[in-house]
2 protein chains.
Amino acid sequence: MKYNLLVAQSGGPTAAINASLCGVIEAAMASEEIEKVYGAVNGIEGIFAGRIIRLDTQFSSAEQLDLLCSTPSSALGSCRFKMPSPEQGPDRYDALLEAFRALNIGCFVYIGGNDSMDTANKIGAYCHDHGLSVRVIGVPKTIDNDLPITDHTPGFGSAAKYIAVTMQEIVRDAEIYPLKSVTIVEVMGRNAGWLTAASALARQNGCFGPQLIYLPEAPFDPEDFLKRVDALLQTTDTVVVAVSEGVRLADGSYVAESEQSGQVDAFGHKYLSGVGKYLERLVTARLTCKVRSLELSVLQRAGGHIQSRTDVEEARRAGAKAVECALSGQSQVMVAFYRVSDAPYLVRIGTAPLSEVANVERKVPREWINAEGCDVTQEAVSYLLPLIQGETVIPYENGVPAHFVFDKTPERL
Amino acid sequence: MKYNLLVAQSGGPTAAINASLCGVIEAAMASEEIEKVYGAVNGIEGIFAGRIIRLDTQFSSAEQLDLLCSTPSSALGSCRFKMPSPEQGPDRYDALLEAFRALNIGCFVYIGGNDSMDTANKIGAYCHDHGLSVRVIGVPKTIDNDLPITDHTPGFGSAAKYIAVTMQEIVRDAEIYPLKSVTIVEVMGRNAGWLTAASALARQNGCFGPQLIYLPEAPFDPEDFLKRVDALLQTTDTVVVAVSEGVRLADGSYVAESEQSGQVDAFGHKYLSGVGKYLERLVTARLTCKVRSLELSVLQRAGGHIQSRTDVEEARRAGAKAVECALSGQSQVMVAFYRVSDAPYLVRIGTAPLSEVANVERKVPREWINAEGCDVTQEAVSYLLPLIQGETVIPYENGVPAHFVFDKTPERL
């Protein structure tokens, strides 16, 4: 008996999450067991709100599937919904099961990060405990690269490539004037420094910066930082620093925390200054040089025009693998990558139990950061480098990339 | 008798200024009259400091010339030096003439923006008045697009493309959650709104944002702004605003000026908040929605990985044209573009007298901004669109773009 598949996207967007969605859709369309492919708009919330659309009917060519892969952010929309336990929120589970039954769902695929894998884990366990035939599969997605077990997460490679490319351009921009200058670049990553570590890849083709790289995994000492910047300025004009938004002092507090506590603006609001701005002011106060800071902000996660081909191809394969897992009877697992070797870069795609993935955060190993805590080691670079390899062909129309946009009217059901 | 050519770059970097440099070098190398091609490191300051290097000997293949064209920022370095008048700074002119004589310079090409054309104009006039055979040619360059006479300036098209592409990605990123949100994007341009106007090109392929676009050429009314944002939030979840760093109130003061005046941080420094941050706090204080702001900062001028092919090809032609002008005996002129038609896009490359270009700033015509002062007109779009067309082939190595780097040791003389 044929059944239908339901897929949804959750958490922060990436430049590769739609490639995973594409992988799910095309594998489901190719399967003889799966009849219709549905998508929930805005993740699990879309199921509760009845915002479910038909996906497979919206593609009439291979080019459209490719276009979805090169479209950044979450084409189905997203949510940040914390799924309660069955005891705390039985009505949520009732609503889910009702939707699954009404749509004859035999497979539910959730594409997301830590929180989303927790949601998938709870739904999968519930279906299993209640003898339901719905197979629940997670597909990893996060620019933060902080999921456990899997070697890396789709979406990270493209963000890492964006950061490496942009950081090299920032260095080129910073070095043109014959004067002492310090540029501080704040990179995303509240707890895990993977993205900030990727800034080291800007040095691959001989570029001298960034010279200092600070991750949340090693304690940050403002005085030591100033000393290092000052020492660099003795021998060079241009200093570029990459710093994670989540760097902490030895006592565990965020570096910019004290700075953020007291100040209010004309509206009575606190100045929520990031660590980049904080370090800019610190250097301005203590050293004699031109200083500026900048935040890569959402650009680093939405940069669809500069995807890593490795990342996008893996994301697409991960989506297809999720369908394959469901078809073979698996449930309560997340698709996971297992690295075989760095050079040549070889990965095996397998699975990991959702229960072991949910709510676990993977950080950069301390030994991949140098002893001084101001750079990453060659081991880190060897791990990161394969993930940013290759470029994708972005279809441009009228000078800007063409994007795939779903018709989200639920009437299509 | 053969002579040598000296070229230098000045002002802020762009993604196309090295293409103009390439155009100068290859045209000079191809000429029978010009023997050696020299470059001054850090603009005119490099001449005073004796930092002059040989350029033509550093290229051994066409690929290397192409690589220079895809390398962003100023490969020769830059400066922000205000050339005094001959009366105010006779020693500067003496130093220049000494360098010109020592190196047998028959042609001096200066690539830059408003200030640089002023410098070129002064040097050209001085050489002419003193009967020197040095021909002085300016090549326009500025992301700000604010030079007069020329239809547009090389460097602007690539920055405009970066802004259009990035703005579309910001909209994609902002729209994924089912909640009311306002995203404010601050774009460069202190007096001229050309770059901010280019954000309208993000809507070329059907993208709904940015819905509000504010240029310095029309007075900004914070209350009217709030009303428009509020009205948009009644009918849509996602509002994206593009605002020039230089927007002003009706009284001519900068919008964030009052906000910037009083506050000091822990170091006793003023909070130099940009207009984006200011509007973020304004919306937060007055409307109920998620608000964030971001600055495109130097990324918009250094984005070499996303050049406009039209821009880079024109920049290269402009460099070649400068040499051609000098060879034909012209001096005291800037290369200029004259638009023949928007569609098909046709331009003629000619010249403009440096004296008419120097120190004149060209702004966006008020009639290219809508009556409400919150968007640009179709006429503006028709003007802008051809300038961002086409992409260049960026050579990647190890996952990041390869860049051309000059050997800057003066020993090569």
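Note on naming: letters A, B, ... go to the chains in the order of the sequence lines (proteins, then strands), and numbering restarts at 1 for each one. What's counted below: heavy atoms across the whole structure, side chains too, no hydrogens, waters or symmetry copies.
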Under 4.5 Å, counting heavy-atom pairs only, tell me which of B:R292, B:E175, B:R51 racks up the most with chain A. B:R292
Provide the closest heavy-atom pair for B:V400 versus A:A164 in the form atom of the first, atom of the second, distance. CG1-CB, 3.6 Å
Do you know which of B:P72, B:P401, B:G77, B:S308 has the most heavy-atom pairs under 4.5 Å to chain A? B:P401
Judged by atom type as modelled, is there a donor-acceptor pair below 3.5 Å linking the side chain of B:N205 to the main-chain atoms of A:E397? yes
Looking at every non-hydrogen atom in both residues, tell me the closest pair between A:P178 and B:S78 and how far apart they are. CD-O, 3.4 Å
Hey, is the main chain of A:I176 close enough, under 3.5 Å, to the side chain of B:N42 for a donor-acceptor pair? yes
Side chain / backbone / both / neither for A:E391 at chain B, heavy atoms under 4.5 Å: side chain
Between A:V165 and B:G399, which heavy-atom pair has the shortest distance, and what is it? CG2-O, 4.2 Å
Top contributor to chain A contacts, counting heavy-atom pairs under 4.5 Å, from B:Q389, B:E295, B:H403: B:H403
Can you tell me how the ring of B:H305 sits relative to the ring of A:H305, calling it parallel under 30°, perpendicular over 60° and tilted otherwise? parallel
Measuring from A:L296:CG to B:L299:CG, what's the distance to the nearest 0.5 Å? 6.5 Å
Which atom of A:N398 lies closest to which atom of B:I388, heavy atoms considered: O-CD1, 3.8 Å
Turns out that what part of B:E45 lies under 4.5 Å from chain A's heavy atoms comes down to side chain
Residue among B:P386, B:G303, B:A49 with most heavy-atom pairs under 4.5 Å to chain A: B:G303
Part of A:S297 lying under 4.5 Å from any heavy atom of chain B: side chain
For A:F81, which atoms come within 4.5 Å of any heavy atom of chain B: side chain, backbone, both, or neither? neither
A:V405 versus chain B, heavy atoms under 4.5 Å apart: side chain, backbone, both or neither? side chain
Just do the side-chain contact (heavy atoms from CB on, under 4.5 Å) check on A:Y396 and B:Q204 with the steps written out, would you? CA-CA 11 Å; A:Y396 278 79; B:Q204 276 299 307; over 6 Å; no
Atom of A:R172, atom of B:S73 and distance for their closest heavy-atom approach: O-OG, 2.8 Å
Compare all side-chain heavy atoms of A:I306 with those of B:I306 and state whether any distance is below 4.5 angstrom. no
